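Structure record follows, encoded as structure tokens.
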Protein chains: 2
Amino acid sequence: MEKGKRHVSLKDLANEIGVSISTVSRALNNHPDISPEVTRKIQQLAAARNYTPNPLAMGLLKQATRMIGVIVPDLVTHFYSSIISGIEQVAEEKGYYILIASSNETLQKEIKAVNNLLKTRVEGLIVCLSQETRSYEHFDRLIQNQIPLVFFDRVCRMGEVPTVVVDNEDAAQKITRHFYRNGFRRIGYIAGPDHLSISQERTRGYLSGLKSCGLEFRPELLEKCNLSSNDAIEATGRLLSLPEPPDAIFGINDTIAFAAMKEIKSRGLRIPEDVALVGFTDEFHSTVVDPALTSITHPTFEMGQEAARLFFKRIENPEAKPDQVVLNTKLVVRKSSVK
Amino acid sequence: MEKGKRHVSLKDLANEIGVSISTVSRALNNHPDISPEVTRKIQQLAAARNYTPNPLAMGLLKQATRMIGVIVPDLVTHFYSSIISGIEQVAEEKGYYILIASSNETLQKEIKAVNNLLKTRVEGLIVCLSQETRSYEHFDRLIQNQIPLVFFDRVCRMGEVPTVVVDNEDAAQKITRHFYRNGFRRIGYIAGPDHLSISQERTRGYLSGLKSCGLEFRPELLEKCNLSSNDAIEATGRLLSLPEPPDAIFGINDTIAFAAMKEIKSRGLRIPEDVALVGFTDEFHSTVVDPALTSITHPTFEMGQEAARLFFKRIENPEAKPDQVVLNTKLVVRKSSVK
DNA sequence: TTGAAAGCGCTAACAG
DNA sequence: CTGTTAGCGCTTTCAA
């Protein structure tokens with residue numbers, strides 16, 4: 001290996017042994033044409049020299065980079081990092097790498113991430129939409145060009161693109177009924193932006209949950225916010241300032257549940273005595289807050305795994321009808337919602 | 001562009017216009033040799049056809065992939081994801097991508113991650129050691145081969161490798177003194193594995209802090225644990241079961257601080273009345289737990305930025321003496337440590 | 001059984 | 001001003 005070069009190439013091996021590059025290539029691929037002894041010798045040298053095939057060269061040749069782009073709304077929320085871990089696990093098994101980008105919940109950065117990832121020649125994308133995203137041209141381009149695409153959690157273009165979601169309507173219904181069973185009657189709900197699939201579905205579950213309990217829907221108890229902590233705090237404030245404030249609230253995700261908890265406490269109200277609270281959060285954080293938070297836990301790691309599996313299915317069989325995987329959630333009851 | 005091909009190449013453009021590939025290449029690079037009108041025409045077509053240079057080809061040619069490998073102990077802790085965001089931001093400015101791998105706190109996966117990332121021809125690595133790592137051959141190989149390497153938070157081979165850390169000794173001293181000032185005298189400390197730089201340094205700060213307050217060091221108040229939640233719970237248990245248990249505890253990181261909080265509460269003890277608690281955590285989680293947790297906050301995002309900057313410095317000037325950046329922490333006092 | 005040559009997409013030295 | 005050629009590392013015909 002010449003100095004300055006950090007990786008051994010087939011050429012280096014070929015020169016050292018005194019055979020041609022193609023012989024080395026074949027030997028390393030266990031091609032039957034090459035004599036066993038030559039093969040052995042070459043493989044030994046390759047191991048000794050720490051040879052690994054250059055993925056750039058392979059990529060050029062095969063037009064396949066073995067890289068998947070993953071776009072999430074943010075990196076620091078446990079929900080997404082856990083999903084990423086799931087994706088990574090399955091990808092690794094297949095010898096793929098993932099390139100992670102964050103949209104920061106903005107459409108602009110999402111579009112940029114799509115473009116950047118495509119520039120790097122990822123073989124396809126696994127995406128959770130940003131909360132701002134309500135036009136989908138940047139994804140339609142991919143669909144037209146047959147670039148493998150999978151959505152999870154916040155999805156669009158279902159039917160054209162494989163998706164992994166949880167049964168959001170069911171989850172929201174479970175929460176509403178749980179409140180009812182525990183004696184709460186003025187059930188408030190802090191939703192997200194209307195155009196998000198998860199928000200719509202959970203709102204639907206909230207409404208049908210109320211209905212099935214024989215409760216009337218009161219518009220003032222349904223608050224909306226963008227998914228930021230600050231906005232959620234304000235939304236909670238509005239609910240609590242109502243002439244007849246709710247005796248129970250559920251927040252559409254992690255961020256909102258915690259924000260609501262902060263705001264309730266900061267007003268000197270007790271949970272669950274004055275206001276019960278349920279959120280969508282993970283196991284760990286739910287138990288560390290006080291009172292422990294009743295919550296819908298997502299099977300995040302599995303969501304990631306499933307998304308990756310759908311991705312590979314897509315690569316292997318691009319023409320097949322896209323799958324729609326729906327995972328189940330679990331309502332874990334803790335102190336925050338039981339008087 | 002032939003069908004089936006997902007990306008336009010110089011050749012495609014060249015054929016379409018009827019010039020040579022090199023003319024197209026030069027035009028796109030604004031080479032002065034090419035006539036202005038030809039340049040304009042080519043650039044227009046390239047834009048229309050959505051041409052982007054193939055990074056694989058460039059990588060092959062230039063022997064530079066513009067990718068950085070990042071290895072962290074885990075992905076789901078806010079501390080690391082926030083650092084990653086910082087790295088990513090600086091990398092993006094330089095037109096670099098990062099490839100993230102998790103060691104899962106094990107040496108075995110760390111070694112594997114190093115090898116895998118090198119296989120993909122990343123230009124170098126930015127790493128936080130796993131808690132198990134006490135032998136460094138896998139990094140020495142990189143150092144010998146002049147492959148750019150930066151360590152952050154948990155570091156080794158200082159002097160040979162640029163590092164970014166916080167002033168851990170100072171931080172631990174701050175905590176100890178804070179306890180003392182607030183009337184606590186039996187100050188317990190839950191450390192991590194001995195071989196970790198952060199653990200050593202914080203222990204040193206704990207000891208010097210005690211000394212400067214005129215307190216005697218009691219060995220039974222210094223507990224060790226691996227950095228898992230369960231182990232931290234046990235360590236806390238041991239402290240609390242002491243004949244003379246501590247009236248204040250500080251935990252070496254996020255995970256441990258939360259675990260300690262759980263264990264203290266589960267024994268029916270009050271914070272801070274029975275036991276005061278201080279941790280190393282981020283802003284957000286510190287305020288959502290109850291009581292709000294006094295803590296040392298790391299400038300995580302800046303740590304990431306700084307690590308990336310050191311990395312590029314290394315690439316640009318491989319011979320320079322490696323920098324050792326030390327960032328400051330802040331003690332944010334909340335309810336958990338003030339009676 | 002092995003080698004030579006072409007080609008994946010790109011740049012740069014060399015010709016014209 | 002533009003085209004030809006070689007080469008980055010690899011696989012795969014085609015020849016021998």
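Naming convention: chains lettered A, B, ... in sequence-line order (proteins, then strands); numbering from 1 in each chain. Keep in mind the model is a prediction, meaning the values are calculated, not measured.
Atom-to-atom, CG of A:Leu60 to C1' of D:dT12 comes out at 15 Å; the value is rounded to the nearest Å. A:Ile21 places its CD1 atom 17 Å from the P atom of C:dG7, with the value rounded to the nearest Å. Atom-to-atom, CZ of B:Arg6 to C1' of C:dC8 comes out at 16 Å; the value is rounded to the nearest Å. Computed from coordinates, the A:Met58 CE to C:dG9 C1' distance equals 17 Å when rounded to whole Å. We find that CZ of B:Arg26 is positioned 11 Å from P of D:dT4, with the value rounded to whole Å. Summarising the geometry, the separation between CD on A:Gln63 and P on D:dT12 is reported as 14 Å, rounded to the nearest angstrom. Between B:Ile42 atom CD1 and D:dG3 atom P there is a gap of 8 Å when expressed in whole angstrom units. Distance CG (B:Leu13) to P (C:dC10): 8 Å, rounded to an integer number of Å.
Note on B:Ser25: a side-chain N or O is less than 4.0 Å away from OP1 or OP2 of C:dT11. Contact annotation: B:Ser22 side-chain N/O to C:dA12 OP1/OP2 distance is not under 4.0 Å. Within the 4.0 Å cut-off from OP1 or OP2 of D:dC1, not a single side-chain nitrogen or oxygen of B:Thr23 is found. Remark: B:Asn54 is not in phosphate contact with C:dC8, judged by side-chain N or O atoms under 4.0 Å from OP1 or OP2. OP1 and OP2 of D:dG7 both lie 4.0 Å or more from every side-chain N or O belonging to A:Lys11.
Comparing A:Leu10 and B:Ile34 by the nucleotide of DNA chain D whose heavy atom lies nearest to each, the residue mapping closer to the 5' end is B:Ile34. Each of A:Thr52 and B:Asp33 was assigned the nucleotide of DNA chain D with the nearest heavy atom; the assignment lying further toward the 5' end belongs to B:Asp33.
The B:Leu61 side chain lies nearest to C:dG9 when the options are C:dG9, D:dG3, D:dT2. Relative to the side chain of B:Val38, the nucleotides C:dT1, D:dT2, C:dG3 differ in distance, and D:dT2 lies closest. The side chain of A:Ala57 lies closest to D:dG9 when the candidates are C:dG9, D:dT11, D:dG9.
Of the N and O atoms on the side chains of A:Thr52 and B:Arg121, at least one donor lies less than 3.5 Å from an acceptor on the other residue.
Residues A:Leu99 and B:Leu99 are in side-chain contact: their nearest non-hydrogen atoms beyond the backbone lie under 4.5 Å apart. Counting only heavy atoms from C-beta outward, the side chains of B:Lys11 and B:Asn15 approach each other to under 4.5 Å. In this structure, B:Pro299 and B:Val166 have side chains that are in contact, with non-hydrogen atoms separated by less than 4.5 Å.
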Check step by step if ring pair (Phe, Tyr, Trp, His ring centres under 6.0 Å) holds for A:Tyr96 and A:Phe312.
-> CA-CA 10 Å; A:Tyr96 273 67; A:Phe312 288 115; 4.9 Å; yes
